[in-house]
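The structure under discussion appears below in the form of structure tokens.
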Amino acid sequence: MDLSLTDQQEMLKQAVDDFVSRDAPIETLIELQQTERGFSDEMWRTAGELGWLGMLIPEEYGGSNTGYTDAGVVFEALGKGPVPGPFFSTVLAGEIIKELGDDAQKENYLTRIANGSLIATLAMAEPDYQWGNAGVQLAPNEEGDDYILNGEKSFVYDGHAADLIITAIRTGSDDNDISLLLVDTSIPGVSARKLEGFTSSESSVTFENARVPKSALLGEVNAVAEGLHVALMRATPLLCAYKVGGAQAVFDLSVQYSRDRVQFGRPIGRFQFVQNHIVQLVIHLDSARWTTYEALWKMDTGRQTEAAIHLAKAVTSDGYRHACDYGHEVHAGTGVVREYGLTLYTRQSRSLFHALGEPRYHRRQLAKLMPTLQLDDE
Amino acid sequence: MDLSLTDQQEMLKQAVDDFVSRDAPIETLIELQQTERGFSDEMWRTAGELGWLGMLIPEEYGGSNTGYTDAGVVFEALGKGPVPGPFFSTVLAGEIIKELGDDAQKENYLTRIANGSLIATLAMAEPDYQWGNAGVQLAPNEEGDDYILNGEKSFVYDGHAADLIITAIRTGSDDNDISLLLVDTSIPGVSARKLEGFTSSESSVTFENARVPKSALLGEVNAVAEGLHVALMRATPLLCAYKVGGAQAVFDLSVQYSRDRVQFGRPIGRFQFVQNHIVQLVIHLDSARWTTYEALWKMDTGRQTEAAIHLAKAVTSDGYRHACDYGHEVHAGTGVVREYGLTLYTRQSRSLFHALGEPRYHRRQLAKLMPTLQLDDE
Amino acid sequence: MDFAPSYTPEQEAFRKEVRSWLDDHAPVIEGDQDSPENYAKFRQLGRDLGQRGWLRPTAPVEYGGGGMGFEETVVLYEEMSRRDLSIPPYYDSGGWLGGASILVWGSDEQKQSLLPPIFKGDVVTWQLLTGPEAGSDLAGTQTDAVRDGDDYIVNGEKIYVGGSNGVDMLWTLTRTDPEGERHKNLSWFMIPADLPGITIRPMDLLGDGGEGVGSGVKNTVYFDNVRVPAERLVGGENNGWQVATTHLELEHGAGGSVSRNLWFSRALEWARARQLNGRPLVEDSDAQDRLVEIYEKTEIQRLFGIRNFWMNRTHQSMTYEGPQSSYFRKLSGLDITTALHELFGPYALTNDEITDFSEGALDAYQRSAIVALHPGGTADVQKVLMARRIGMGRSEAERYKAGKTVE
Amino acid sequence: MDFAPSYTPEQEAFRKEVRSWLDDHAPVIEGDQDSPENYAKFRQLGRDLGQRGWLRPTAPVEYGGGGMGFEETVVLYEEMSRRDLSIPPYYDSGGWLGGASILVWGSDEQKQSLLPPIFKGDVVTWQLLTGPEAGSDLAGTQTDAVRDGDDYIVNGEKIYVGGSNGVDMLWTLTRTDPEGERHKNLSWFMIPADLPGITIRPMDLLGDGGEGVGSGVKNTVYFDNVRVPAERLVGGENNGWQVATTHLELEHGAGGSVSRNLWFSRALEWARARQLNGRPLVEDSDAQDRLVEIYEKTEIQRLFGIRNFWMNRTHQSMTYEGPQSSYFRKLSGLDITTALHELFGPYALTNDEITDFSEGALDAYQRSAIVALHPGGTADVQKVLMARRIGMGRSEAERYKAGKTVE
């Protein structure tokens with residue numbers, strides 16, 4: 001038993017922290033949020049150069065394959081920024097290709113993901129939104145060796161920036177009868193628009209007579225559900241780690257503000273009402289942190305992970321949201337001033353709340369495990 | 001619009017309050033809790049004499065028929081005591097008989113309920129507990145003009161004290177194929193034992209070759225589900241009112257304790273952590289109060305009541321429980337000393353939590369109304 | 001008890017009058033409620049109502065109010081609500097609150113000169129309460145007013161003020177005796193917004209560019225040696241805290257409301273209209289559970305609002321009820337946004353013109369529910385008030401009695 | 001990171017030793033855990049473990065402890081847990097806490113005379129912290145100790161003390177300088193329970209007659225001119241607050257734990273065994289949701305416990321983690337009772353011998369979760385400690401550093 005980071009992980013954490021304080025201070029991130037793309041290509045390149053995108057990719061494809069916990073450490077530090085960018089989307093795409101791709105696809109895509117030269121994402125949901133395979137209704141027409149796509153994918157994270165969109169299509173009537181296409185976004189008929197609002201990087205991707213060769217199939221027709229599930233589950237704790245980083249930053253900001261802000265002649269952190277907000281905040285933070293790292297550890301050590309991952313996702317989604325709510329209670333008016341920076345986190349706590357399934361979805365998956373769940377020590 | 005009590009209601013409230021402070025002070029109630037029956041026959045008689053049991057019974061059967069809100073005022077004041085006794089059980093039985101009884105049954109039973117000479121209750125649930133008609137599995141054998149009962153009814157409030165137990169029996173295979181028998185507890189083969197624990201007046205009632213004449217049927221065979229539902233719904237807000245009274249008492253105790261108890265040189269009510277408990281408590285109290293009284297008002301004025309009653313029951317069950325939890329946080333160790341009295345309420349907040357269906361049950365009923373719910377002002 | 005108003009034939013006749021008047025005057029609101037076009041319509045409705053005294057139905061007739069009784073007022077509210085409108089001081093909360101204080105504390109001249117424009121809807125007034133250093137601690141304001149001949153010279157800065165549609169009058173609390181005893185060193189002024197030395201600059205708040213729907217455009221107001229005529233001092237020098245107490249009470253929810261929080265009916269309507277797996281979303285058991293959560297919160301809000309409305313209008317003694325209602329509304333707002341998010345998924349966040357079925361309303365609410373935690377006193381301030389008024393930890397002698405009711 | 005202990009071959013050999021020893025010595029516990037018969041079995045197990053140094057595995061060998069390392073200790077805990085047992089100081093929390101303080105603050109003579117009986121399981125020690133006037137405010141105790149020759153004369157009253165199975169030693173915090181500065185006027189004594197002038201009387205707490213299962217039998221202890229030898233003063237006169245800080249830290253959860261809250265596995269087992277409408281209850285969707293609630297709370301409890309266990313045993317710098325774990329356990333206990341109540345309905349409340357399938361455990365937990373809010377510092381006290389140690393509202397200079405780890 002050892003809950004500390006390894007030396008390697010401490011170095012990784014330090015590297016991301018240094019990067020954030022040097023290249024991505026909060027003022028820069030506030031400005032970035034106003035831009036068209038919403039993130040910095042330079043930051044993205046740096047991440048690629050420093051190897052942060054290849055940590056789950058085998059060495060033969062240029063990755064370092066150092067494991068989930070290492071990657072989690074990086075994602076936590078990025079989330080603490082919070083550094084925006086298609087980091088998670090691309091790593092998730094890599095996991096899917098690792099699971100379902102043939103050798104040529106792996107060679108082609110994983111190599112470029114590992115070195116940061118490819119931005120990729122997954123497109124599942126559609127305007128009639130629901131998370132999961134049942135929500136995939138976009139059915140292609142077939143013409144010779146091509147699929148012709150017409151329709152829309154909604155709430156695609158980083159769709160507007162992606163070079164590659166792994167697009168789920170309906171190819172049969174059973175919920176799980178879906179297939180995946182590796183769609184190069186430069187082909188005619190594919191366009192994306194960013195969805196505005198209290199979102200982070202969600203886009204709507206439209207297909208108008210987009211012609212995709214069948215050779216772009218990732219995995220077999222109607223036989224990808226299991227591989228996709230595995231990849232989604234494996235990637236989930238990294239998203240959780242990103243949220244843990246955000247919640248940690250909100251905690252740090254709130255504690256500092258409780259010291260600096262004086263009202264009624266005392267720092268507000270001396271008032272028990274304010275203390276209560278921070279007490280609840282740190283419970284959410286630590287619940288998110290430890291459920292996430294236990295899930296990562298279970299993945300790295302080949303243990304049963306299903307319950308742990310669902311738990312981590314439900315707890316971190318709720319936890320980040322509540323952490324921000326408590327942060328706002330501590331900060332009152334100051335917290336909603338954009339230049340202060342708290343709302344960068346609040347926005348992500350909302351935007352990532354439903355990503356890969358809202359808390360209710362994961363609790364229902366957990367619920368379904370109850371008849372057969374085994375505790376580790378039984 | 002007028003949210004004050006009528007003069008008549010103020011008098012009723014005053015009468016019960018006077019009775020409580022004179023005959024049922026907290027010390028007396030703590031002693032009563034230790035007794036075999038758990039309540040005082042003398043208090044019961046007084047309630048009958050003062051007409052508190054006949055407020056929903058038509059004048060032709062000796063009642064005053066003054067309406068649900070009036071009865072709610074009495075139940076709130078009893079709950080504030082908290083005066084233990086088969087008040088609610090008996091009034092509920094009266095509602096069922098009013099709804100389903102023939103003239104002779106009404107004459108026989110309602111008259112005695114109104115004057116306090118009959119203790120009655122309803123037995124639905126069984127050892128395989130669930131609330132609702134599906135939980136009724138006790139099936140009788142028929143012998144000529146009699147039913148022979150063998151089996152057990154569980155969690156029957158006041159079953160050990162009742163003269164009459166309206167017993168639900170299974171007489172068909174559909175969930176709603178149940179019938180009701182007016183079982184005189186003095187007949188051979190009927191026995192009850194009080195269920196010990198953190199209960200109030202729950203009993204287990206055992207039938208061993210108990211012979212009940214078919215003339216004791218209340219309503220027709222397999223045709224009582226609707227009438228029973230109506231009676232249960234009508235009675236529910238009175239139980240809610242009893243809980244509102246309890247929550248009010250816990251609030252009053254907690255505020256007083258916040259003034260009297262000194263720690264760290266100040267009354268504890270000056271600490272915001274303690275204030276927070278009382279703030280949350282009074283929100284639960286007022287939520288319970290106003291959902292309950294609106295439901296009562298809707299019943300008295302012939303409005304749509306279904307959503308209001310389910311809401312009131314869910315809110316008061318949760319509210320009373322939470323009110324007690326917060327009360328315990330305010331009182332710390334003092335609150336769990338039996339002679340202080342707070343635990344009288346805590347016990348009832350638990351014992352009545354699931355009575356007539358736990359909060360989850362009522363929220364599910366409310367949920368099922370969503371497709372067709374009409375708001376009053378639409 | 002009676003949770004619904006009951007009416008005399010005269011009142012029912014009044015209802016007919018209101019209905020018929022609204023047939024002619026009620027604006028048609030489409031799309032974003034907060035658009036400049038819709039603002040102009042609401043503003044016009046306010047002026048039209050003001051002409052009849054219906055803008056401030058219970059205020060005295062001599063100052064431009066309606067002089068109406070309790071049940072008549074309810075009729076008016078109900079008829080507005082039936083058209084998804086409300087009595088429009090929502091765009092003039094400064095006038096609603098400031099007017100209430102002037103009615104209590106103003107001299108006869110002040111009432112005659114300041115109230116009619118407010119009550120008739122001719123002016124828009126902003127309240128200026130929060131300073132950079134003094135948020136919850138209102139009495140700690142560092143905006144100063146120094147007497148100079150017939151004027152006061154005002155210097156300072158107030159934040160989180162007003163909106164984006166212009167203003168005529170500003171009222172604020174200033175320090176007139178910096179060394180004086182706390183709560184006894186403040187004065188309350190009603191200030192024309194166009195005086196030299198006043199600068200108004202929009203703040204950049206939660207939202208994309210500060211102008212986001214529902215993010216609540218707010219301003220910083222700077223006073224740089226602003227010369228305010230002494231006749232604009234209301235309630236006397238160093239009596240400002242008393243004056244403010246009158247409107248703070250109202251702002252803390254003591255006024256109550258007979259209208260519903262619309263989020264339940266909106267959510268219900270959308271859940272009935274949208275589909276999930278080929279069936280209406282409202283038939284999904286999880287969706288129903290989320291609707292019940294929202295129903296519960298909004299019903300309790302409504303009941304607290306009715307209680308306060310009735311207590312206020314019938315002059316019952318009120319203590320903790322105002323801040324309780326305000327606190328509950330603030331906190332349940334957050335819970336409702338979460339339930340809506342689980343109910344409608346990512347649609348809760350976007351105002352995308354093409355796919356969003358709520359016309360931006362859901363997105364706006366996710367943000368405004370956070371912003372709404374703070375104005376009119378933070379959620380914590382509401383708890384402080386409740387604690388004081390319930391008398392937690394206070395002896396009989398020192399118990400604060402807030403029995404005074406306000407308009 | 002590694003959430004599971006990893007073991008050397010020597011440690012695995014030790015595991016075999018423990019297993020085989022337990023095969024011979026582990027008691028068979030049936031029915032009510034708290035019955036006098038079972039208490040006697042647990043007590044015997046404690047003595048048996050004590051003989052091998054396994055009762056206090058990490059304490060120094062010279063005082064009767066095991067002198068064992070971190071992973072070996074975990075092996076011991078795991079093997080106990082596998083048999084639904086835990087290392088039995090739970091019946092001697094007074095000895096566990098008091099022993100820790102004596103180890104830090106006692107003189108050599110005191111360590112040699114006082115520790116071995118505790119570490120070997122020969123005595124049961126109660127802690128006496130709360131007084132009628134001083135609950136959360138421990139330092140406000142009104143129990144006095146006055147020096148008189150070689151003794152101190154102790155007078156006062158302590159409440160919520162001990163259990164129902166007898167006691168050998170009492171430790172308590174007394175006032176030795178009533179006029180002295182707060183926190184610097186207290187002294188800590190280890191007192192034989194049979195001294196003249198000591199009276200122990202059971203309290204009547206939440207439950208039917210005070211003896212209810214799980215209601216936690218507690219006593220009032222009266223000191224009436226009790227003559228305590230000065231050699232029983234630990235840590236020096238007026239240094240008692242420092243001594244107490246050592247064990248309070250442990251009591252506030254800083255010790256951590258590697259064992260699970262058993263309520264999830266119990267609830268799961270019962271939900272699988274019981275039927276609803278002819279199917280196992282665990283297949284009901286509502287029942288599953290309740291189980292998930294319990295799972296979530298108990299998993300987080302477990303993770304906080306593991307974290308604290310690891311931090312404590314490896315001497316990481318701890319600040320708020322102890323009281324956080326304690327606060328979470330207290331509050332989630334209430335939530336778990338509610339979920340159990342919704343899951344099992346009225347069975348949650350009864351210990352009826354015939355129908356209750358939990359052998360009284362559910363009923364007992366509904367009550368004990370309430371009682372458990374308070375001992376070891378109320379839930380509010382845990383928040384006070386967290387606030388102080390996180391340094392909320394405190395400058396660097398005044399920030400409390402609680403980096404000191406304890407056994």
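These numbers come from a predicted model, not from an experiment. Per chain, numbering begins at 1; letters A, B, ... match sequence-line order.
Here the closest heavy-atom approach between residue A134(A) and residue N277(C) is recorded as CB-OD1, 3.9 Å. Closest approach of R290(C) to R360(A), counting heavy atoms only: NH1-CD, 3.3 Å. Listed here is the closest heavy atom pair of F198(A) and D363(C): N-OD1, 2.9 Å. Among all heavy-atom pairs drawn from Y160(C) and V337(A), the shortest one is OH-CG2, 3.5 Å.
For a residue to count as touching a neighbouring chain, one of its non-hydrogen atoms must lie under 4.5 Å from one of that chain's; by this rule Q137(A) does not touch chain C. For a residue to count as touching a neighbouring chain, one of its non-hydrogen atoms must lie under 4.5 Å from one of that chain's; by this rule T346(A) touches chain C with the side chain only. In this structure, no portion of L343(C) lies under 4.5 Å from any heavy atom of chain A. Only the backbone of P132(C) comes within contact range of chain A, judged by heavy atoms closer than 4.5 Å. When heavy atoms are compared at a cutoff of 4.5 Å, V274(A) approaches chain C by way of both its backbone and its side chain.
If you tally non-hydrogen atom pairs under 4.5 Å between each of A379(C), G345(C), S136(C) and chain A, the highest count goes to S136(C). Most heavy-atom pairs under 4.5 Å with chain C, from the set E202(A), H277(A), E339(A), E358(A): that is H277(A). For chain A, the option among T130(C), D289(C), D380(C) with the highest count of heavy-atom pairs below 4.5 Å is D380(C). Taking chain A as the reference chain and counting heavy-atom pairs below 4.5 Å, the highest number among L281(C), L362(C), L373(C), T338(C) is found for T338(C). In terms of heavy-atom pairs under 4.5 angstrom with chain A, the leader among V384(C), I354(C), T337(C) is I354(C).
D204(C) is not listed as a side-chain neighbour of Y340(A), based on a closest heavy-atom distance of 4.5 Å or more. You'll find the side chain of E329(A) stays beyond 4.5 Å of the side chain of T378(C), heavy atoms only. Two residues are said to be in side-chain contact when any heavy atoms from C-beta on lie closer than 4.5 Å; M203(C) and V336(A) fail this criterion. Side-chain contact check for F353(A) versus E342(C): some heavy-atom pair is nearer than 4.5 Å. With a 4.5 Å cut-off on side-chain heavy atoms, E353(C) and E196(A) do not count as touching.
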Report the C-alpha separation of H354(A) and F344(C) in whole Å, then their side-chain angles, then the decisive distance to 0.1 Å, and conclude whether the side chain to side chain contact (heavy atoms under 4.5 Å, CB included) test is met.
CA-CA 10 Å; H354(A) 57 268; F344(C) 298 117; over 6 Å; no

Go through the steps to decide whether R193(A) and D352(C) satisfy the test salt bridge (charged side-chain N to carboxylate O under 4.0 Å, His left out), and finish with yes or no.
CA-CA 10 Å; R193(A) 76 175 185 284; D352(C) 180 61; 2.4 Å; yes

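Going from atom CZ of R321(A) over to atom CG of L334(C) covers 8.0 Å, rounded to the nearest 0.5 Å. Here the OG-CD distance, from S351(A) to Q366(C), works out to 11.5 Å after rounding to the nearest 0.5 Å. Atom CD of Q263(A) sits about 8.0 Å away from atom CD of E133(C), to the nearest 0.5 Å. Once rounded to the nearest 0.5 Å, the distance linking NZ of K383(C) with CZ of F271(A) reads 13.5 Å.
When the shell of 6.0 Å around NZ of K158(C) is examined, it contains more than 12 heavy atoms from other residues, nucleotides or ligands.
In this pair, Y347(C) and F155(A) present their aromatic rings perpendicular. The plane angle is above 60°, beyond the 30 to 60° band.
Side-chain atoms of D128(A) and Q275(C) include no donor-acceptor pair closer than 3.5 Å.
A salt bridge does not link R364(A) to D286(C): none of the charged side-chain nitrogens sits closer than 4.0 Å to a carboxylate oxygen.
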